[in-house]
Amino acid sequence: MQALVFTAIRQVEMQDYPEPVVSDGDVVLKVSASGVCGSDVDGFLGRSRGRKPPLVMGHEFVGTLTRDVPSRGLKAEQEVAVLPLLGCSKCDFCASGKTNLCPNRKLIGMNLPGAFAQYVSAPEWALYSLPEGVSARAAVMAEPLANGIHVAQIASSRKAKRAFVIGAGTIGMCVILALRDVGCEDILVSDVNTERLKIAKSLGAAETLDARDSEGCARKAGGVELVVDCVGMGATRALAIQMAGISGLIVSIGLHDGENGGEARDIVTKELTIRGSYGYTAQDFEAALDLIARNAPAVENLVSLEPLSKGQQVFERLSQNPGAAVKIALTP
């Protein structure tokens, strides 16, 4: 089969690649579309600890089954979404449903061959039928949207009506959708990309702000109950601490770098709570598919399709100047 292989820093190329070999309980899928995640771009740039060449990346994917899967009530030729974050099913975290925290977890496209290929394998239990009316193009958003839903679940105890989302990339958009779905009515979003800020507005952001204008952000968003950092840089961590109100909650999901930032004394004097959000659970993934079904046109419009053969150009674009692109999915 043909696959897009990450062969060196800043280089992916089409190659002949072995077709998946499956064991009991696994199934081969013919890939319909696979989204390019920011973490894939980090791998391309040499910034991902887990993605090392040679590797077939791609974990946000939809595929067609090559055989029946009776254990899931699925038929051959049926299109399905795949939960790619695989827990070990044996540890205490998996037993409690927190598979995202499993110390032995594996990610398809990082620890296992991914979906930037014609075919990919996955466990039967990780397959989910697409809701009625949801296309493969829209369903590739299930994985990133599950991340946004996990953020909303972490923040749910606050029942915040006002939130500040830092970053209008894919995860930022997903956080907007997830927070709106749980009743957060006043969402402010900051970014340096004006084209993406327009899209954030169309998804329900009450106001968009230029992240380079920290004083302007402070005037409009300072003192919010909930801040979500979808970037993860020293500067955005500092901005989150600055924007959070007294007794506020900061949820950090961005992983751009490991730098700390901000006035640490504010964490104490404002009695802030800072929570990390990593990945998602099976329940989050199911909820993401349901949310897509209720917002299918809007979600589908976030995704543009490109052929797998243009992988090098797509990765170069996303690493240099993504423009208005929220999600690009590659199709074999």
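Heads up: numbering here begins at 1 and tracks the sequence. Since this is a predicted model, take the numbers as computed values, not measurements.
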State whether [X] and [Y] are salt-bridged, where the test is any N-O pair (Lys NZ or Arg NE/NH1/NH2 against Asp/Glu carboxylate O) under 4.0 Å.
X     : Y      : result
Lys30 : Glu79  : no
Arg51 : Asp40  : yes
Asp92 : Lys98  : no
Glu60 : Lys327 : yes

Identify the two heavy atoms, one from [X] and one from [Y], that lie closest to each other, and give their separation to 0.1 Å.
X      : Y      : answer
Ser202 : Ile199 : OG-O, 2.6 Å
Gly114 : Val120 : O-CG2, 3.5 Å
Ala33  : Val140 : O-CG1, 3.6 Å
Val175 : Cys230 : CG2-SG, 3.9 Å
Ala205 : Val189 : CB-CG2, 3.7 Å
Cys91  : Pro103 : SG-CD, 4.0 Å

Practice item. State yes or no: are the ring centers of Phe285 and Tyr128 separated by less than 6.0 Å? Key: yes
Judged by modelled atom types alone, do [X] and [Y] share a side-chain donor-acceptor pair under 3.5 Å?
X      : Y      : answer
Asp26  : Ser23  : yes
Glu306 : Thr331 : no
Gln242 : Asp266 : no
Glu143 : Tyr280 : yes

Answer yes if [X] and [Y] sit in the same cluster of Ile, Leu, Val, Met, Phe, Trp and Tyr residues linked by side chain heavy atoms under 4.5 Å apart, and no otherwise.
X      : Y      : answer
Ile292 : Val151 : yes
Leu291 : Ile253 : yes
Tyr119 : Leu112 : no
Leu318 : Leu308 : yes
Met57  : Ile328 : yes

Distance check, rounded to the nearest 0.5 Å: [X] atom [atom1] versus [Y] atom [atom2]?
X      : Y      : atom1 : atom2 : result
Glu19  : Thr66  : CD    : OG1   : 10.0 Å
Lys201 : Ile176 : NZ    : CD1   : 11.0 Å
Leu29  : Phe61  : CG    : CZ    : 6.5 Å
His59  : Asn111 : NE2   : CG    : 11.5 Å
Asp191 : Leu209 : CG    : CG    : 10.5 Å
Asp229 : Arg237 : CG    : CZ    : 6.5 Å

Review point. Does Gln312 reach the main-chain N or O of Arg10 with its side chain, forming a donor-acceptor pair under 3.5 Å?
Key: yes
Review point. Just by modelled atom types, is the Pro297 backbone N or O under 3.5 Å from a matching donor or acceptor in the Asn301 side chain?
Key: yes
**Study point:** Verdict with supporting geometry, Asp284 and Gln153, side-chain hydrogen bond (donor to acceptor under 3.5 Å, both in side chains)
**Key:** CA-CA 9 Å; Asp284 296 327; Gln153 287 296 321; 5.3 Å; no
Side chains of [X] and [Y] in contact at under 4.5 Å (non-hydrogen atoms):
X      : Y      : result
Leu177 : Val299 : yes
Leu65  : Lys75  : no
Phe44  : Ser319 : yes
Asn100 : His150 : yes
Tyr17  : Val5   : yes
Cys184 : Lys161 : no
Leu86  : Pro123 : yes

Check your understanding: Hey, mind stepping through Glu77 and Thr64 against side-chain hydrogen bond (donor to acceptor under 3.5 Å, both in side chains) and telling me if it holds?
Key -> CA-CA 5 Å; Glu77 303 301 318; Thr64 301; 5.8 Å; no
Review point. Val82 and Val62: side chain to side chain contact (heavy atoms under 4.5 Å, CB included), yes or no, with the steps?
Key: CA-CA 6 Å; Val82 180; Val62 175; over 6 Å; no
Exercise for review: Output, in order, the C-alpha distance, side-chain angles, deciding distance and verdict of side-chain hydrogen bond (donor to acceptor under 3.5 Å, both in side chains) for Ser129 and Gln78.
Suggested key: CA-CA 8 Å; Ser129 59; Gln78 185 172 347; 4.5 Å; no
